[in-house]
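Data first, discussion second: the structure below is written as structure tokens.
A note on names: the letters A, B, ... follow the listed sequences, proteins ahead of strands, and every chain is numbered from 1.
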Number of protein chains: 2
Amino acid sequence: MSATFSVLSEPAFSMRRAVPAKASWMSASAAEKIPAGVASGGQLLHVAPDAELYSDGAESVSFYKVVSGLVRTCKFRSDGRRQIDAFYLPGDAFGFEDGGRHRLSAEAVCEAYVVAYRWRGSEAMSPADAALAPQLLSLALQGMRRAQDHALLLGRRSASQKVAAFLTDMIDRSVNDDVVELAMSRQDIADYLGLTIETVSRTLSQLERDEMIALPSARRVRVQDRLGLRHLSS
Amino acid sequence: MSATFSVLSEPAFSMRRAVPAKASWMSASAAEKIPAGVASGGQLLHVAPDAELYSDGAESVSFYKVVSGLVRTCKFRSDGRRQIDAFYLPGDAFGFEDGGRHRLSAEAVCEAYVVAYRWRGSEAMSPADAALAPQLLSLALQGMRRAQDHALLLGRRSASQKVAAFLTDMIDRSVNDDVVELAMSRQDIADYLGLTIETVSRTLSQLERDEMIALPSARRVRVQDRLGLRHLSS
DNA sequence: CGCTAAATTGATCCTCGTCAACACCCGTGG
DNA sequence: CCACGGGTGTTGACGAGGATCAATTTAGCG
């Protein structure tokens with residue numbers, strides 16, 4: 001895994017891994033893609049595919065917002081297995097946690113740009129930061145909602161229900177209506193749903209046979225029976 | 001299910017269910033058990049066993065803090081199955097969500113006292129409320145952490161790992177060191193872990209045979225090999 | 001055009017869900 | 001005091017769904 005990410009504004013950023021930071025400066029057009037943020041003073045970062053933005057246990061100095069690409073947060077178990085906590089699409093914020101340390105790793109699924117906002121947790125908030133608290137609160141509540149939905153998704157559901165719910169969620173979150181371009185691999189999906197790659201693959205094939213979806217290519221899903229899919233995930 | 005809960009301070013509280021509010025006034029000693037809260041103006045409520053504090057979809061007018069007893073938040077699926085999102089012990093806060101509506105039901109597992117704090121979400125915060133934002137933020141981050149841990153617990157783990165993790169969590173959260181008094185039924189545990197009551201029961205029996213725990217009674221667990229248990233839940 | 005990683009498909013095993021019977025705990029009432 | 005009854009928990013037998021191991025196909029990329 002060639003883990004690299006580069007700071008595109010200020011260079012003073014704590015890197016956990018000794019990795020050569022590739023100098024790749026953003027274009028003006030990329031800068032314009034930054035969504036109207038919580039704070040104005042964000043720092044734009046480029047993260048290479050599979051590169052680690054921060055790791056489990058690392059000191060938490062910022063939270064982040066995705067500008068482009070896809071980010072996953074995950075946990076690595078002692079048995080070597082990986083569990084993915086969430087996928088973050090452009091516009092989504094992640095990485096704000098209390099306690100001074102991250103409790104998950106964050107990695108780019110594919111090449112991504114993220115904005116980092118300096119923030120060290122609700123305990124260490126300056127009076128100036130306090131003004132942002134309501135907006136951070138909104139983000140935290142959103143994050144809690146997402147985590148709760150994920151827990152509900154994982155609790156006692158069949159493989160087909162899980163995959164259908166995953167696809168439904170991806171459709172809802174993507175701009176396009178009926179075709180989803182999955183940036184993540186089958187392994188990523190499996191680790192997110194608590195399944196194996198084989199089961200994910202089999203389930204997708206079955207959904208295709210049932211004519212609920214079409215798979216023009218492995219990572220491209222065309223939804224043909226949106227209602228049926230939504231009903232399956234119940 | 002005889003769903004009843006009664007407001008012990010002000011009577012103006014929105015009840016979703018047409019239920020006879022039993023007049024049961026708190027004792028002075030119960031009042032003293034209220035933990036130092038986020039806000040001072042909380043309203044003490046009594047909730048009878050299995051009574052619903054609020055239901056999925058209900059308008060969200062308050063968040064809550066457990067004074068005594070045990071509260072569960074849960075979701076009911078269309079197939080009739082129930083999933084428990086979380087258990088809340090004395091001192092834990094719950095029920096703060098954005099969007100104006102609750103997305104889970106809250107019920108008392110056993111007789112409980114909770115304090116309700118008027119709050120309608122981060123969108124509808126008065127300047128006075130804004131002062132509380134940092135503390136609410138801390139609570140929300142705690143809630144997010146809890147939900148994430150729950151999702152990680154449910155993702156691809158064996159029944160014994162799940163049960164061990166559940167017991168470990170209950171030990172960590174209870175005051176007593178090695179004996180846990182479980183207020184919840186096997187069904188509650190099963191719905192929390194995404195298992196069946198039979199599997200929960202079998203797993204507990206197995207843990208007892210392995211001498212990691214002892215079960216002096218069905219709801220009382222004595223932990224004999226705390227390290228082994230913790231290692232199992234990994 | 002090959003090389004490699006990713007994805008699919010197949011065969012088999014095992015965990016856990018399901019159905020069923022039974023034990024236990026308590027409160028009620030004879 | 002014990003019989004009865006219902007709720008809760010335990011245990012057993014069996015089967016289905018998904019994990020595992022293995023082989024093959026497809027896609028991506030030099």
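- Ring orientation note: the planes of B:F87 and B:Y192 are tilted relative to one another, at an angle of 30° to 60°.
- Between A:R219 and C:dA6 there is no side-chain N or O to OP1 or OP2 distance below 4.0 Å.
- For the side-chain contact (heavy atoms from CB on, under 4.5 Å) with B:L207, the qualifying choice from B:L215, B:L167, B:V223 is B:L167, the only one to do so.
- The side-chain contact (heavy atoms from CB on, under 4.5 Å) test with B:V114 singles out one residue from B:L53, B:V67, B:D92, and that residue is B:L53.
- Distance, A:L204 CG to D:dT25 P: 21 Å, rounded to whole Å.
- One atom, CD of A:Q187, and another, C1' of C:dA7, lie 11 Å apart when rounded to the nearest Å.
- In this structure, CD of A:Q206 is placed 15 Å from C1' of C:dG10, rounded to the nearest angstrom.
- The aromatic ring centres of B:Y64 and B:Y54 sit less than 6.0 Å apart.
- Going from atom CZ of B:R186 over to atom P of C:dA23 covers 19 Å, rounded to whole Å.
- Residue A:R219 qualifies as enclosed at atom CZ: its count of foreign heavy atoms under 6.0 Å is above 12.
- By the 30° and 60° cut-offs, the orientation of the rings of B:Y88 relative to B:F94 is parallel.
- Look at CG on B:L207: it is 12 Å from P on D:dT11, rounded to the nearest Å.
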Using a cut-off of under 3.5 Å, enumerate the N/O to N/O pairs linking the protein to nucleotides 17-19 of chain D.
{"from": "D:dG18", "atom 1": "OP1", "to": "A:A159", "atom 2": "N", "distance (Å)": "2.7"}
{"from": "D:dA19", "atom 1": "OP2", "to": "A:T196", "atom 2": "OG1", "distance (Å)": "3.0"}
{"from": "D:dA19", "atom 1": "OP2", "to": "A:T199", "atom 2": "OG1", "distance (Å)": "2.3"}

